[in-house]
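Report on the structure given below.
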Amino acid sequence: MNTFLLLLGSSLTYYTDLSHHPDHITRYYKTGDVVMATLLEPLSEKEKIFKALASVDYVESNDSLHPVKSSILLYFKKDSSLLQLSYGSQIAFNKPLQGIKNSGNPGAFDYERYCAFQGIYYQAFLKPDEFEIMKEKNENAITKFLFIAQEKTVSIFQKYIPGNKEKGFAEALLIGYKDDLDKNLVQSYTNTGVVHIIAISGMQLALIYGLLVVIFKPFSKFRFIKFLRPVTIISILWLFSLMSGASASVLRAAVMLTCIVIGESFSKKTSIYNNLAASAFLLLCYNPFWLWDVGFQLSYSAVLSIVIFMKPIYNLIYIQNKILDFAWQLTAVTLSAQILTTPISIFHFHQFPNYFLFTNLIAVPLSSIILFGELFLCAVSFIPVVAKSLGFSLYKLIWLLNSFIERTETLPVSLWDNLQITFLQLIAIYAFIISISHWLMMKKKKYLPTGLIALLAFTGLRSYSFWQASTQKKMIVYNVPQHQAIDFISGRNYFFKGDSILEEDGFLRSFHLKPSRTMHRISETDSLNDLDHGYHIFQFGNKRILILDQDILFAASQSKMKADVIIISKNPSLKISNLADAFDCKRWVFDASNSNYKVAKWKKECEQLGLFCYDVVDKGAFVMNAD
């Protein structure tokens, strides 16, 4: 049976990867071919562009059409003509597709792999005159209904809930629509440990299930309700799951609740462990790559953690007062959920919210009230007077919740940041948790030594990683579009050379630079003992580095200045041949602040002169050890 399951999993993983399909786009597409694509979703508005996921249906090559299978990301320059585009619209274009690439910066999110797991390998940036809209649409009736329902829900919130930040929160909380969600607000919820509220998860589905159970309870004595109840509840749960985007965490809850409803309809009690295992098995059979989805990992680890540890934690304290007992129940749930989710969270996000218990005690009940209020608002939206009054009440509640979260974030030591654990350290942590849990909960003494060995292994691995960090010495030229960004790293400190906006803008710093600095366990300093620098020349350890970021004329000399690397930045007007006459250099680096046109010209010159060159935009961050 194990062999069969292993082969089944391997086969499903292989065939789920569209790149192995005989009709995949990579087998037919060549630069210059006409691509015919169908929009799989309405346009999503960004600051300067519109974005949409599309499926490639045909590739026209040599006057013949080839049916293909692939998904691509389309980016449209904002224009009034885009009003004609919607879900199901078909377009044709021959602008070359671009492969999805990572930035190549150390520690950065692997966006290329993330897209590949969703069957997306290409993207295209289109101007209004670079594509044609076909007359016919390719729509699915169910999908179209779901988008219409989502659009109707958004329009209700836009109409009756004041405040842009509050509207965006309401849309994200109920249906997972995030186009209007404030980025800073999302960061505040992340930093305080309650981002699960606005990231559609099993919590919302569980609340809706509970509401449906309460609604049907008074009618349980009627015989026909016995058959109508499970069908209605399951239909509503799956309708909500699909309308909210069908993420892995939502589908997990939908499958589990479906099993519970079916079991109850036959008067059978279902095992929560069997439900968890069955739902995970079914979802991974549908898409094996969900195993690498962070939402999938956190969702299952949270539920499993609550099931295992909630009762033992709750039973530690007996409280007679019902209100205090309810607060303790919520506390026990929150604490138990953290036991198995914290290691994964730190591994992926490198931070821990120190006030998670306090924020969850307030945010979870309040967000539940808001969620029920939003459902009621959708139900009474046809009565303007009632809807307007309820919308204003929801606005006040959402404002109160947002204010509480934002103020909590500003409290001292609210966030333990820049945490870094390796995969082996993660395994050691889970080995420790499992062993100590068996020892404490099942009274099996033999697991105590195993837990202590796991703890010792974690301590040893972590000590070794700190020693590695303390002895490192390297320079990193980052791939940050249109910006200069260079870190000189010595031990646990770094000196930054680059555009000040990258240090001032929190989003740019967190997205482009912070992952690398967290991975290398470094903090900023004004100077490094082994770094001497003048205006353009940096002597870092035994390496001499020349940074050219402005127009400079160099006279040819019989004795060339030696340099280990020359970094050309900020688009200066320079000729490589002139520089080669003045400098004896082995490596030439062009960072992301230069124009594509100049970099292409410089690369051609280097090729003609037989010089090694490195394009940061094309190859990712340039990393040089200075030991």
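Just so you know, these numbers use all the heavy atoms, side chains as well, and skip hydrogens, waters and symmetry mates.
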Nearest 0.5 Å, please: how far is [atom2] in [Y] from [atom1] in [X]?
X: Glu503; Y: Arg509; atom1: CD; atom2: CZ; result: 6.5 Å
X: Ile317; Y: Asp325; atom1: CD1; atom2: CG; result: 10.5 Å
X: Leu424; Y: Thr422; atom1: CG; atom2: OG1; result: 5.0 Å
X: Leu73; Y: Ile100; atom1: CG; atom2: CD1; result: 4.5 Å
X: Leu173; Y: Leu181; atom1: CG; atom2: CG; result: 10.5 Å
X: Asn479; Y: Lys101; atom1: CG; atom2: NZ; result: 8.0 Å

If you take the centroid of each ring, where Trp contributes its six-membered ring, are Phe432 and Phe458 closer together than 6.0 Å?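 Not under 6.0 Å, so no.
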Pair Phe372 and Phe376, ring centroids less than 6.0 Å apart: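 For Phe372 and Phe376, the ring centres are not under 6.0 Å apart.
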[X] side chain to [Y] backbone, donor-acceptor under 3.5 Å:
X: Gln351; Y: Trp416; value: no
X: Asn102; Y: Tyr111; value: yes
X: Arg492; Y: Arg521; value: yes
X: Gln297; Y: Ile344; value: no
X: Ser336; Y: Phe309; value: no
X: His520; Y: Ser516; value: yes
X: Ser279; Y: Asn275; value: yes
X: Lys474; Y: Ile489; value: no
X: Ser345; Y: Thr341; value: no
X: Ser155; Y: Lys152; value: yes

Please say whether more than 12 non-hydrogen atoms of neighbouring residues, nucleotides or ligands are located less than 6.0 Å from [atom1] in [X].
X: Gln329; atom1: CD; value: yes
X: Lys388; atom1: NZ; value: no
X: Glu524; atom1: CD; value: yes
X: Phe125; atom1: CZ; value: yes
X: Phe392; atom1: CZ; value: no
X: Lys46; atom1: NZ; value: yes
X: Phe352; atom1: CZ; value: yes
X: Leu316; atom1: CG; value: yes

Could you give me the CA-CA distance, side-chain angles and deciding distance for Ser188 and Glu409, then say whether side chain to side chain donor-acceptor pair (under 3.5 Å) is met? CA-CA 6 Å; Ser188 296; Glu409 185 190 18; 2.7 Å; yes
Pairwise side-chain contact, [X] with [Y], heavy-atom cut-off 4.5 Å (strictly under):
X: Ser367; Y: Val194; value: no
X: Leu513; Y: Leu508; value: no
X: Phe496; Y: Arg517; value: yes
X: Phe349; Y: Leu298; value: yes
X: Trp328; Y: Ile313; value: yes
X: Tyr314; Y: Leu335; value: no
X: Tyr122; Y: Gln98; value: no
X: His512; Y: Tyr478; value: no

Worked check of side-chain contact (heavy atoms from CB on, under 4.5 Å) between Ile175 and Val154: CA-CA 9 Å; Ile175 58 173; Val154 170; 3.8 Å; yes
Of Asp499, Asp505, Asp591, the residue whose pairing with His483 passes side chain to side chain donor-acceptor pair (under 3.5 Å):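 Of all the options given, the one that passes is Asp499.
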In sequence, state the C-alpha distance, the side-chain angles, and the governing distance for Leu330 and Asn360, and then conclude on side-chain contact (heavy atoms from CB on, under 4.5 Å). CA-CA 8 Å; Leu330 188 58; Asn360 275 276; over 6 Å; no
Criterion side chain to side chain donor-acceptor pair (under 3.5 Å) on Gln425 and Gln420, from CA distance to verdict: CA-CA 10 Å; Gln425 291 173 25; Gln420 171 73 12; over 6 Å; no
Return the minimal non-hydrogen interatomic distance between [X] and [Y], and the atom names on each side.
X: Thr192; Y: Thr359; answer: O-OG1, 2.8 Å
X: Leu502; Y: Ala485; answer: CD1-CB, 3.5 Å
X: Leu74; Y: Ala54; answer: CD1-CB, 3.7 Å

Output, in order, the C-alpha distance, side-chain angles, deciding distance and verdict of side chain to side chain donor-acceptor pair (under 3.5 Å) for Asn191 and Gln187. CA-CA 6 Å; Asn191 292 345; Gln187 193 61 49; 3.0 Å; yes
Show your reasoning for whether side-chain contact (heavy atoms from CB on, under 4.5 Å) applies to Tyr300 and Leu304. CA-CA 6 Å; Tyr300 276 93; Leu304 184 62; 6.0 Å; no
Can you tell which of Trp290, Phe109, Trp292, Phe289 makes a ring-ring contact (aromatic ring centres under 6.0 Å, His included) with Tyr114?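 For Tyr114, the ring-ring contact (aromatic ring centres under 6.0 Å, His included) test succeeds with only one of Trp290, Phe109, Trp292, Phe289, which is Phe109.
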Candidate list Tyr355, Trp399, Phe358, test ring-ring contact (aromatic ring centres under 6.0 Å, His included), partner Phe404, passing option: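 Going through Tyr355, Trp399, Phe358 one by one, the ring-ring contact (aromatic ring centres under 6.0 Å, His included) with Phe404 is satisfied by Phe358 alone.
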What ring-ring contact (aromatic ring centres under 6.0 Å, His included) pairs are there with at least one residue in residues 149-169, not counting sequence neighbours?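 Of all non-adjacent pairs touching residues 149-169, those that pass ring-ring contact (aromatic ring centres under 6.0 Å, His included) are Phe169-Tyr189.
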Give the C-alpha distance, both sets of side-chain angles, the deciding distance and a yes or no for side chain to side chain donor-acceptor pair (under 3.5 Å) between Ser44 and Asp179. CA-CA 7 Å; Ser44 174; Asp179 284 7; 3.0 Å; yes
Before giving the answer on side-chain contact (heavy atoms from CB on, under 4.5 Å), spell out for Thr143 and Glu41 the whole-Å C-alpha distance, their side-chain angles and the decisive distance to 0.1 Å. CA-CA 9 Å; Thr143 306; Glu41 61 185 7; over 6 Å; no
Salt bridge check: are Glu166 and Lys396 linked by an N-O gap of less than 4.0 Å?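 Looking at Lys396 together with Glu166, the answer is no, because their closest N to O distance does not fall below 4.0 Å.
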